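Following: one structure in structure tokens, then a few remarks.
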Protein chains: 2
Amino acid sequence: MSENPLKVVPVAMASDSVPLDCRNCGAYKLCMTLWLKNGDVSLFERVVKKKRIFKRGEMLYRMGQPMEYLYVIRGGSVKTCISTDDGQVRVIGFHVAGELLGLNAIESREYNCNACATAITSVCEVSIGRFEELVRNDSAIQNEVFKIMSAEIRHGHDLLLFGKYNAEERLAAFLLSLSRQFAKCHCSATEFSLSMSRSDIGNYLGLAEETVCRIFARFQDEALISSECRHIKLNNLERLRQIASKANVTA
Amino acid sequence: MSENPLKVVPVAMASDSVPLDCRNCGAYKLCMTLWLKNGDVSLFERVVKKKRIFKRGEMLYRMGQPMEYLYVIRGGSVKTCISTDDGQVRVIGFHVAGELLGLNAIESREYNCNACATAITSVCEVSIGRFEELVRNDSAIQNEVFKIMSAEIRHGHDLLLFGKYNAEERLAAFLLSLSRQFAKCHCSATEFSLSMSRSDIGNYLGLAEETVCRIFARFQDEALISSECRHIKLNNLERLRQIASKANVTA
DNA sequence: CGCGCTATTGATGACGCTCAAGACCCGTGG
DNA sequence: CCACGGGTCTTGAGCGTCATCAATAGCGCG
């Protein structure tokens, strides 16, 4: 994320007509490129088709559906998950403001997972047709797409490695990754509210809901965290990091 | 795989000077496009830098290394795996003739996993520099890259879903997927030799080596398979399929 | 106010891991 | 040629982690 080929975009030049809340958006550079590339706001606005609000529990898109839009999360939160014919479901990601969703399946033209709002969520809806045209002709955007897909592959790998760790280690790692995610969007790294249920967390980490509860309770007992339902405060990042990076050394 | 945008390549036109063993290669279409696009064999041969042989246990590339070459497997077999700082390793794939390896990290310019030959393996080594140039300028090749990365993402999802199934179900599914893989390269779908160890299989499926052995033994007892060390014969595909697709209905 | 969803905590036991020992195979070197 | 060692495979015994089942409490929402 830090060394981005698009970072040279002359922000100041454009800033007079950019919506204020776009400035901190994770897709800002992408959007700006689309915009500057074509020189006028009208195109930008044709690409970002419209803003939409999803309520808690509503689906942005479903696995297998033809891909119509990309979504940039402006606020709220979204979980993505995959499912099988026999009804198994697995949560594969939680997403917050600034993230771009729906791109991973650009080749098959079908969404390859479900995306579901876990809270009131506001998004920018980006028409895939126009976007793709731009991908084809602009190697900077092309690279941005590669980057997003690479990140997706790497994230899958991280999830696979979770299988190697026990419940405590997984949950500690999860809390730390949330901490980083919040820090990245200028929120507190040590105190935040979870938008997802215990059940979702369990599913994501490959644990039962009850196990997640128990580990939360255990962490609470040991004063590592203060957990009041979905409000979490991390009291001992150092220790959490120890646990997350293979507890057997310390415990 | 079946509906490929490159399938219109006029094979006959080129066939007089194509090496015979390229015809059945999974990367054939990709190679041919590179070739036809540029009209002469010399370029093709500059892109496919050279052929190489890896012995069992040798690494084609390592995670984190700068990406120099792509590899097309001509014969033999390769396992890919990821590892963590604390020494955990997870096998994420087994690959056979015709597969293209090393592309998934095209954006970061570093390999994002290890690739290790599990048998004597012959490959075509493709220089990444020239390849990338072609990607940038050819939307058919571009699309091919998207396709490979998409497949990687989907495969990651499949592996994650394994977590939802028990040991028998996972192994049955694994055997069936091997069966399909062999069928695809014109080998027997019901009788084949495994190139990977029990330990590798276990790691791949998220099971202990011993558990894999036990399930093999159990399948053997129930006459589902005949397993003599690494030589496997599937005697009852139907039943294996039942097990693989959620055994609880039948057992 | 009552329904449903979520969270919590307890009791129980199963599945698969760990440890251990032995068999087998193969390549190496004496 | 055989002996040796290392790697792989197999099987057994025992245990631990975590899933499952169940009951209850809390909360938001219609």
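Sequence lines set the chain letters: A, B, ... in the order given, protein chains first and strands last, and positions in each chain run from 1. In this text the structure is predicted, and so the values were computed from the model without any measurement.
With a 6.0 Å radius and a threshold of 12 heavy atoms from other residues, nucleotides or ligands, B:Asp85 has its CG atom at or below the threshold. For A:Arg230, the CZ atom is densely surrounded, since the number of other residues' heavy atoms within 6.0 Å is greater than 12.
Atom CD in B:Glu209 sits about 16 Å away from atom P in D:dG12, given to the nearest Å. Across the protein-nucleic acid pair, A:Glu210 atom CD and D:dA23 atom P stand 14 Å apart, rounded to whole Å. Straight-line distance from the CG atom of A:Leu205 to the P atom of D:dT17: 18 Å, rounded to whole Å. One interatomic measurement links the two molecules: CG of B:Asp200 to P of D:dT8, which rounds to 8 Å at whole-angstrom precision. In this structure, B:Phe216 places its CZ atom 16 Å from P of D:dT8, rounding to the nearest Å. Distance CD1 (B:Ile215) to C1' (D:dT10): 14 Å, rounded to an integer number of Å. Following rounding to the nearest Å, A:Ile120 (CD1) and D:dC29 (C1') show an atom-to-atom distance of 14 Å.
For B:Arg56 (side chain) and B:Ala117 (main-chain N/O), no donor-acceptor pair under 3.5 Å exists by modelled atom type. Not one N or O on the side chain of B:Ser77 forms a donor-acceptor pair closer than 3.5 Å with the backbone of B:Val96. Side-chain atoms of B:Arg239 never come within 3.5 Å of backbone atoms of B:Glu222 as a donor-acceptor pair (strictly under, hydrogens ignored).
Residue A:Cys229 is the one, among A:Arg214 and A:Cys229, whose nearest nucleotide of DNA chain C lies closer to the 5' end (criterion: closest heavy atom).
Contacts between chain A and DNA chain C, taken as any atom within less than 4.0 angstrom of a protein heavy atom, begin and end at C:dT6 to C:dA11.
Within the nucleic acid shown, A:Gly206 comes within 4.0 Å of sugar-phosphate atoms alone, with no base atom in reach, counting heavy atoms only.
Separation of atoms CZ (B:Arg218) and CG (B:Leu224) is listed at 11.0 Å; rounding is to 0.5 Å.
Picking from D:dT10, D:dT20, D:dC18 the nucleotide with the shortest atom distance to the side chain of B:Arg198 gives D:dT10. Ranking D:dA19, D:dA13, D:dC9 by closeness to the B:Ser197 side chain, first place goes to D:dC9. Nearest nucleotide to the B:Arg230 side chain, out of D:dG12, D:dC18, D:dC9: D:dC9.
Figure legend: cation-pi geometry between B:Arg62 and B:Tyr111 absent, as NZ or CZ is not positioned both under 6.0 Å from the six-membered ring centre and within 45° of its axis.
For the pair A:Thr211 and D:dC18, the criterion of a side-chain N or O lying under 4.0 Å from OP1 or OP2 is not met.
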